[in-house]
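Single-structure report; data block below.
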There are 2 protein chains.
Amino acid sequence: MEPGDSTKQARAAAQLRKGVLEYCVLALMRDRPRYGVELLQALEDSGALATSQGTVYPLLSRLRRDDLVTTTWQESTSGPPRRYYALTESGRAALEEFTRVWPGFRDAVDTFLTTPHPAHPSTGDPA
Amino acid sequence: MEPGDSTKQARAAAQLRKGVLEYCVLALMRDRPRYGVELLQALEDSGALATSQGTVYPLLSRLRRDDLVTTTWQESTSGPPRRYYALTESGRAALEEFTRVWPGFRDAVDTFLTTPHPAHPSTGDPA
DNA sequence: ACCAGGTATCTTGCATCGCATGGAACCAGG
DNA sequence: CCTGGTTCCATGCGATGCAAGATACCTGGT
């Protein structure tokens with residue numbers, strides 16, 4: 001890790017991932033079942049959401065525990081068998097729910113970051 | 001709580017807030033010192049980031065502990081004195097850092113949610 | 001003087017989450 | 001047999017949002 005920007009950027013980005021990662025993983029399974037390392041690589045390719053196995057596998061366990069995904073073992077031509085994760089109906093519903101909520105959240109953050117916040121015209125004492 | 005959407009929406013939104021709240025609070029202090037209840041109301045007004053005192057005050061304590069904000073007591077005309085929070089240089093730097101990181105993160109999530117994810121053309125076994 | 005209500009701040013305990021670390025299993029090739 | 005690559009998973013830590021409760025100040029009514 002370079003000591004220059006990695007510290008602050010990593011800190012901000014790490015907190016940012018919280019909660020969003022779950023739904024990005026669900027989104028990755030939307031059109032096709034995926035297996036662990038594949039998800040890891042897709043997140044890595046996105047840049048801003050790169051993470052580690054220690055994050056993804058417990059996350060996948062939670063998704064399975066909550067019946068958002070089902071898994072099937074499938075043999076591979078280049079290594080041990082892979083566990084493929086596919087969305088259940090609940091998983092698809094959760095993904096759609098998040099897709100509905102996300103724009104409002106995103107725009108709210110954008111507004112906070114870009115809009116000036118002068119003295120509130122109708123709140124606080126005018127003194 | 002209505003059993004329909006509130007549960008899922010609340011769940012998704014709650015996880016979403018994690019990590020972002022800190023920087024939205026810093027953003028609210030960018031142009032003017034703020035006090036606790038004022039921040040709470042501003043977040044409430046935004047809709048998507050509404051939260052409670054039990055979230056904001058520990059957050060403000062952390063910001064002060066990490067020297068991202070300084071505080072000054074100021075008397076009020078309508079109640080007990082207020083503790084106003086103002087950005088330090090570190091706090092302003094952290095806010096700017098987040099402002100730099102946020103667009104990339106936001107766009108990455110947008111891409112995951114809106115882009116179809118068919119079989120990867122250059123990854124995975126071609127079988 | 002007394003008490004109720006609104007304003008404002010802060011603490012405690014809980015559940016959850018990202019992550020570093022480490023380990024285990026399977027397969028191919030030397 | 002043994003090394004290396006691939007894939008999976010569990011454990012423990014630190015940080016965070018949150019509900020619930022406690023404390024204190026000020027104003028106004030009786």
Side-chain angles (χ1 to χ4, degrees), chain A residues 1 6 10-25 33-41 43-44 48-66 68-69 71-85 105 123-125, chain B residues 1 7 10-26 33-44 48-66 68-69 71-85 105 123-125:
Chain A
M1 309 182 192
S6 288
R11 181 168 145 71
Q15 301 307 332
L16 224 28
R17 273 186 277 274
K18 296 203 173 190
V20 182
L21 207 55
E22 171 179 346
Y23 297 99
C24 287
V25 167
R34 303 276 196 159
Y35 68 100
V37 174
E38 192 182 5
L39 294 168
L40 218 39
Q41 285 180 345
L43 293 170
E44 183 80 25
L49 284 164
T51 182
S52 68
Q53 295 184 355
T55 296
V56 167
Y57 283 109
L59 168 60
L60 291 172
S61 291
R62 288 194 298 271
L63 294 178
R64 196 163 35 144
R65 181 198 62 191
D66 298 342
L68 299 179
V69 301
T71 67
T72 54
W73 284 99
Q74 203 161 331
E75 302 199 359
S76 163
T77 63
S78 60
R82 301 165 174 170
R83 194 203 283 273
Y84 277 83
Y85 297 80
F105 178 83
T123 310
D125 19 36
Chain B
M1 310 183 198
T7 314
R11 183 170 143 69
Q15 301 309 330
L16 225 27
R17 275 185 277 274
K18 297 204 172 191
V20 182
L21 207 56
E22 172 180 345
Y23 297 98
C24 287
V25 166
L26 289 177
R34 302 278 196 157
Y35 67 100
V37 173
E38 193 182 4
L39 294 167
L40 217 40
Q41 285 181 344
L43 292 170
E44 183 80 24
L49 283 164
T51 182
S52 68
Q53 297 182 353
T55 296
V56 167
Y57 283 110
L59 169 60
L60 291 172
S61 292
R62 289 194 297 270
L63 293 178
R64 196 165 33 147
R65 181 198 61 192
D66 298 343
L68 299 179
V69 301
T71 69
T72 54
W73 283 100
Q74 203 160 329
E75 303 199 359
S76 164
T77 62
S78 61
R82 302 163 175 172
R83 194 202 284 271
Y84 276 83
Y85 297 81
F105 177 83
T123 311
D125 23 33

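All chains are named by letter (A, B, ...) in the order of the sequence lines, taking the proteins before the strands, and each is independently numbered beginning at 1.
- As judged by a 4.0 angstrom heavy-atom cut-off over every strand, B:L21 is placed among residues touching the sugar-phosphate backbone only.
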Show the atom names and distances, to 0.1 Å, of all donor-acceptor pairs under 3.5 Å that link a side chain in residues 57-65 of chain A to residues at least two apart or in another chain.
residue : atom : partner : partner atom : Å
A:S61   : OG   : A:Y57   : O            : 3.2

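- At C:dC19, one or more side-chain N or O atoms of A:T51 fall inside 4.0 Å of OP1 or OP2 (strictly under the cut-off).
- Legend: residues meeting side-chain hydrogen bond (donor to acceptor under 3.5 Å, both in side chains) with B:T71, ordered by chain and number and at least two apart, are B:R83.
- Going from atom NZ of B:K18 over to atom C1' of C:dG18 covers 9 Å, rounded to whole Å.
- Regarding contacts with the backbone of D:dA10, a side-chain N or O of A:S61 is found under 4.0 angstrom from either OP1 or OP2.
- What separates CG of A:L16 from C1' of D:dG17 is a distance of 15 Å, to the nearest Å.
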Under the criterion side-chain contact (heavy atoms from CB on, under 4.5 Å), I'd like the reasoning laid out for B:V56 against B:V37: C-alpha separation, chi angles, the key distance, then a yes or no. CA-CA 9 Å; B:V56 167; B:V37 173; over 6 Å; no
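- Residue A:R64 places its side chain closer to D:dC9 than to any other of C:dC17, D:dA19, D:dC9.
- When the C1' atom of D:dG5 is taken as reference, atom CZ of A:R82 falls 13 Å away, rounded to whole Å.
- Between A:L59 atom CG and D:dC8 atom P the separation is 14 Å, expressed in whole Å.
- Applying the 4.0 Å criterion to OP1 and OP2 of C:dC17, one finds that A:R62 has a side-chain N or O inside that range.
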Evaluate the criterion side-chain contact (heavy atoms from CB on, under 4.5 Å) for residue pair A:V20 and B:F105; output intermediate values, then yes/no. CA-CA 10 Å; A:V20 182; B:F105 177 83; 3.9 Å; yes
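- A:T55 pairs by the side-chain contact (heavy atoms from CB on, under 4.5 Å) definition with A:L21, A:T51, A:S52, not counting sequence neighbours.
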Base versus backbone protein contacts along nucleotides 23-30 of chain C [heavy-atom cut-off under 4.0 Å; B, S, -]: ---BS---
Carefully, step by step, assess B:L16 and B:L49 under the rule side-chain contact (heavy atoms from CB on, under 4.5 Å). CA-CA 9 Å; B:L16 225 27; B:L49 283 164; over 6 Å; no
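- Here A:G54 lies in heavy-atom contact (under 4.0 Å) with a base.
- The CG-C1' distance, from A:L39 to D:dC8, rounds to 13 Å in whole Å.
- For B:W73 and D:dC26, the CH2 to P distance is 11 Å, given to the nearest whole Å.
- Nearest heavy atom pair, residue A:Y35 against residue A:Y85, reads CA-CD1, 4.4 Å.
- For A:L60 and D:dC9, the CG to C1' distance is 11 Å, given to the nearest whole Å.
- Mapping B:P58 and A:Y85 onto DNA chain D by nearest heavy atom places A:Y85 closer to the 5' end of the strand.
- Taking atom CD of residue B:Q41 and atom P of nucleotide C:dT9, one finds them 11 Å apart after rounding to whole Å.
- For the OP1/OP2 pair of D:dC18 and a distance below 4.0 Å, the side-chain nitrogens and oxygens of B:R17 include at least one atom meeting the criterion.
- For A:Y57, whose side chain is taken as the heavy atoms from C-beta onward, the closest listed nucleotide among C:dG18, D:dG17, D:dT7 is D:dT7.
- The two atoms that bring B:A50 and B:E44 nearest to each other are CB-OE1, 3.7 Å, heavy atoms only.
- Side-chain atoms of B:S52 lie closest to D:dC18 of the nucleotides C:dC17, D:dC18, D:dT7.
- Contact annotation: B:T55 side-chain N/O to D:dC18 OP1/OP2 distance is under 4.0 Å.
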